[in-house]
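Report on the structure given below.
Only heavy atoms go into these numbers, but all of them, side chains included; no hydrogens, no water, no symmetry mates. Below, chains carry the letters A, B, ... as their sequence lines are ordered, and counting in each starts from 1.
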Number of protein chains: 2
Amino acid sequence: MGDNAPPASLKAFEEKLLEVSESLPKRLRQCADYVAANKDRIAVSTVAEMAEGAGVQPSALMRFCQILGFSGFSEMQRLFRESYVGGWPDYSTRLKHLREKPEGSPAALLGEFVDAGRASLESLLNTVDPANLTEAANLLSAANVVHIVGLGRSFSIATYMAYIFEKMEVPAVLHTSLGKLDNRHAIRKGDALLAFTFSPYSSPTLDLVENAAARNIPIVAVTDSAIGPLAKFRPVTLLVSEVDFGAFRSPAATLCLATALAVSVGTAKPGSA
Amino acid sequence: MGDNAPPASLKAFEEKLLEVSESLPKRLRQCADYVAANKDRIAVSTVAEMAEGAGVQPSALMRFCQILGFSGFSEMQRLFRESYVGGWPDYSTRLKHLREKPEGSPAALLGEFVDAGRASLESLLNTVDPANLTEAANLLSAANVVHIVGLGRSFSIATYMAYIFEKMEVPAVLHTSLGKLDNRHAIRKGDALLAFTFSPYSSPTLDLVENAAARNIPIVAVTDSAIGPLAKFRPVTLLVSEVDFGAFRSPAATLCLATALAVSVGTAKPGSA
DNA sequence: GAGAAAATGGAATTTATGATCCATTTTATG
DNA sequence: CATAAAATGGATCATAAATTCCATTTTCTC
């Protein structure tokens with residue numbers, strides 16, 4: 001039973017939440033999950049708002065508060081309002097804060113990468129040609145099977161594409177070069193190839209593209225240069241320029257493009273055969 | 001007279017406050033001063049509390065709100081509450097819409113994802129605890145070998161981590177569950193485990209974490225809930241809140257965090273042995 | 001599969017809070 | 001100093017929010 005002292009600090013609150021959340025029925029679990037993920041909202045929301053967010057009735061949320069040891073929502077809210085430390089400043093201020101941390105500290109780095117990520121997302125809308133994007137989506141949704149290739153730096157993007165395609169029931173194969181097998185003959189007439197490759201362009205990817213091009217398989221290329229080694233195969237090209245931070249590029253933009261492309265294909269595709 | 005449009009942003013609010021405060025009688029001036037000095041409290045206080053703080057009657061504070069152009073205290077408070085929580089709920093509904101009837105060109109879709117990506121990067125600065133990030137980086141750089149695990153949705157992140165670690169000469173192993181082999185015995189004393197897992201938490205990942213926890217292997221968890229199934233193993237937790245819409249979640253924020261973490265570890269690590 | 005216990009949804013109730021109003025006080029002005 | 005206008009305090013009213021209660025549904029146990 002939950003008839004016990006209410007947590008007196010945010011730390012105690014978290015512990016209580018953890019302790020309690022092990023054994024909770026469905027609705028109360030939803031409350032716990034939502035509250036855990038939106039602690040910051042508690043101070044400024046009403047029961048009704050929180051309940052709606054969690055997808056439960058207000059009364060369920062009340063019960064949840066009581067299980068945590070509070071007399072009700074108000075008492076829980078009081079805890080959060082009291083320890084509400086001068087409202088969060090806006091994005092740029094927060095960023096500045098992070099950057100003020102010691103040079104090279106993980107927090108400062110995170111700030112830099114977030115910033116780089118945002119910048120590269122912004123430029124994405126400029127570098128990607130909408131017509132090409134539409135063409136790419138059409139081409140891929142018309143394919144029997146979409147073959148995805150991307151190695152090295154691009155491998156993570158390729159795996160993510162494979163994941164979304166599978167979720168959206170788009171027939172797709174991920175080419176991994178596992179064991180140096182390149183499975184080029186798995187690519188059949190009527191299929192399409194989706195290739196990700198960035199500046200130290202890996203040769204297995206190029207080989208696969210070259211082979212496919214020779215057989216007139218339609219190709220979509222996500223790459224960083226219009227005149228890269230892929231250009232001569234005349235693929236439908238989606239350009240991404242990733243903002244460097246130090247030696248590291250943030251793949252956030254590429255990932256974003258990949259997601260949009262995958263969802264376009266997934267929704268355009270008629271119900272699976 | 002103060003019958004004018006209410007400020008629509010914090011910036012507009014400040015300007016209005018300044019403009020108005022020149023010519024104000026005693027009590028209203030107290031209101032202005034107190035409000036200016038305690039803007040952060042507005043979101044979480046009642047009229048009565050604010051009035052007491054300013055040393056005036058509630059009715060005086062009401063009048064003050066109206067002079068600023070608001071219909072009353074509630075409307076002013078709404079401005080502060082909304083700018084505090086940011087625009088996340090909007091995205092939820094927008095993306096849900098998108099999923100229900102996917103109208104719109106791929107380019108429009110890309111626009112949506114870029115927006116969502118930017119917002120989720122921004123919120124990353126709120127959810128990740130800098131102290132935990134530092135601790136995670138220290139813990140991983142102290143390890144002999146870093147073991148990376150992440151399946152399903154998280155697999156692409158895991159592969160990216162493995163890529164950067166390798167580039168930075170940090171000894172790391174990617175656990176893929178290829179062939180259902182979980183290689184749990186590859187994790188030795190002195191190693192550390194880095195686990196990525198999000199809401200349909202995959203059981204192989206949990207198993208691996210459980211096993212490692214039982215052997216006192218230090219664990220860093222990148223996840224979406226402080227009370228998720230990983231919580232009971234008390235890992236160093238890095239929270240990323242990606243609102244869940246099946247395939248529509250953009251992992252840009254997680255990727256960004258992963259990159260920052262990897263680079264932190266890579267630079268902290270003393271020259272390779 | 002029947003019965004009991006737990007959990008849940010939604011309406012009804014209570015409380016707290018915001019907003020309004022007007023008598024009283026203060027300040028400005030001739 | 002008298003008068004009018006403005007400002008203020010505090011009580012009252014209206015409303016929105018928190019809380020409780022109970023009928024219904026679900027889940028567990030024998």
Side-chain angles (χ1 to χ4, degrees), chain A residues 1-4 6-7 13 17 20-35 38 41-82 84, chain B residues 1-4 6-7 13 17 20-35 38-39 41-82 84-85 89 227:
Chain A
M1 225 28 84
D3 44 6
N4 32 31
F13 177 86
L17 189 59
V20 138
S21 68
E22 310 264 314
S23 57
L24 236 38
K26 191 168 157 224
R27 291 282 114 110
L28 293 178
R29 205 208 157 90
Q30 283 174 247
C31 292
D33 289 346
Y34 185 79
V35 163
N38 299 277
R41 293 239 179 105
I42 297 175
V44 296
S45 299
T46 65
V47 206
E49 285 164 358
M50 292 297 287
E52 193 191 334
V56 303
Q57 291 286 326
S59 52
L61 208 100
M62 289 301 299
R63 261 176 258 126
F64 173 72
C65 296
Q66 284 158 1
I67 285 172
L68 286 176
F70 298 104
S71 70
F73 179 77
S74 298
E75 196 176 310
M76 180 169 100
Q77 192 175 53
R78 182 155 43 244
L79 176 66
F80 283 84
R81 288 192 168 172
E82 274 161 12
Y84 168 101
Chain B
M1 233 14 96
D3 46 4
N4 34 32
F13 177 85
L17 190 58
V20 135
S21 67
E22 310 268 308
S23 56
L24 238 38
K26 191 170 158 219
R27 291 283 117 110
L28 292 178
R29 169 135 240 120
Q30 283 175 247
C31 291
D33 290 347
Y34 185 78
V35 163
N38 299 275
K39 283 198 288 287
R41 293 268 110 199
I42 297 176
V44 296
S45 300
T46 65
V47 207
E49 285 162 359
M50 291 296 288
E52 193 190 337
V56 301
Q57 289 287 327
S59 52
L61 207 98
M62 289 299 301
R63 259 175 260 125
F64 173 71
C65 295
Q66 284 159 0
I67 285 171
L68 285 176
F70 297 104
S71 70
F73 179 76
S74 298
E75 197 176 309
M76 180 169 100
Q77 192 175 52
R78 182 156 46 244
L79 175 67
F80 282 84
R81 288 188 170 174
E82 271 163 14
Y84 168 72
V85 291
I227 58 163

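- Side-chain contact of Arg41(B) with Tyr34(B): a donor-acceptor pair under 3.5 Å is absent, judged by distance alone.
- Taking the side chain of Thr46(B) as heavy atoms from C-beta on, and the options dT17(C), dT8(C), dA19(C), the nearest nucleotide is dT17(C).
- For Gln66(B) and dT20(C), the shortest distance from a side-chain N or O to OP1 or OP2 is below 4.0 Å.
- A distance of 11.0 Å separates CG of Leu61(A) from CD of Gln30(A), quoted to the nearest 0.5 Å.
- Here the closest non-hydrogen pair linking Ser21(A) and Ile227(B) is OG-CB, 3.8 Å.
- Taking both residues in full, the closest heavy atoms of Ala54(B) and Cys31(B) are given as CB-CA, 4.3 Å, listed atom of the first, atom of the second, then distance.
- Looking at every heavy atom in both residues, Glu22(B) comes nearest to Arg29(B) through O-NH1, 3.9 Å.
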Kindly give the atom pairs (protein nitrogen or oxygen, nucleotide nitrogen or oxygen) under 3.5 Å for nucleotides 23-26 of chain C.
none

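- Neither side chain, Gln66(B) nor Arg63(B), offers a donor N or O lying under 3.5 Å from an acceptor on the other.
- Of the inter-residue distances, the one linking Asp33(A) atom CG with Leu28(A) atom CG reads 11.0 Å to the nearest 0.5 angstrom.
- For the contact set between residues 26-33 of chain B and DNA chain D, defined by any heavy atom under 4.0 Å, the members are Lys26(B), Arg27(B), Leu28(B).
- Counting to the nearest Å, the C1' atom of dA16(C) and the CE atom of Met50(B) are 18 Å from each other.
- The stretch residues 71-79 of chain A touches DNA chain D through Gly72(A), Phe73(A), Ser74(A), each having a heavy atom within less than 4.0 Å of the strand.
- Other residues, nucleotides and ligands contribute over 12 non-hydrogen atoms within 6.0 Å of the CD atom of Glu49(A).
- Met62(A) contributes atom CE, which lies 13.0 Å from atom CE of Met50(A) (distance to the nearest 0.5 angstrom).
- Across the protein-nucleic acid pair, Leu61(A) atom CG and dT19(D) atom P stand 10 Å apart, rounded to whole Å.
- With dT20(C), dT8(C), dG9(D) as the candidates, the nucleotide lying closest to the side chain of Arg63(B) is dG9(D).
- For the pair Pro58(B) and Pro25(B), both in contact range of DNA chain D, the more 5′-proximal nearest nucleotide belongs to Pro25(B).
- Nearest nucleotide to the Met62(B) side chain, out of dA19(C), dG10(D), dT19(D): dA19(C).
- Of all the heavy atoms in Phe73(A) and Cys65(A), the pair that sits closest is CA-SG, 3.7 Å.
- Nucleotide dG10(D) holds its C1' atom 15 Å from the CD atom of Glu52(B), rounded to whole Å.
- Relative to the side chain of Gln57(B), the nucleotides dG9(D), dT19(D), dT8(C) differ in distance, and dG9(D) lies closest.
- Counting all heavy atoms, side chain and backbone alike, Leu24(A) lies closest to Val20(A) at CD1-O, 3.7 Å.
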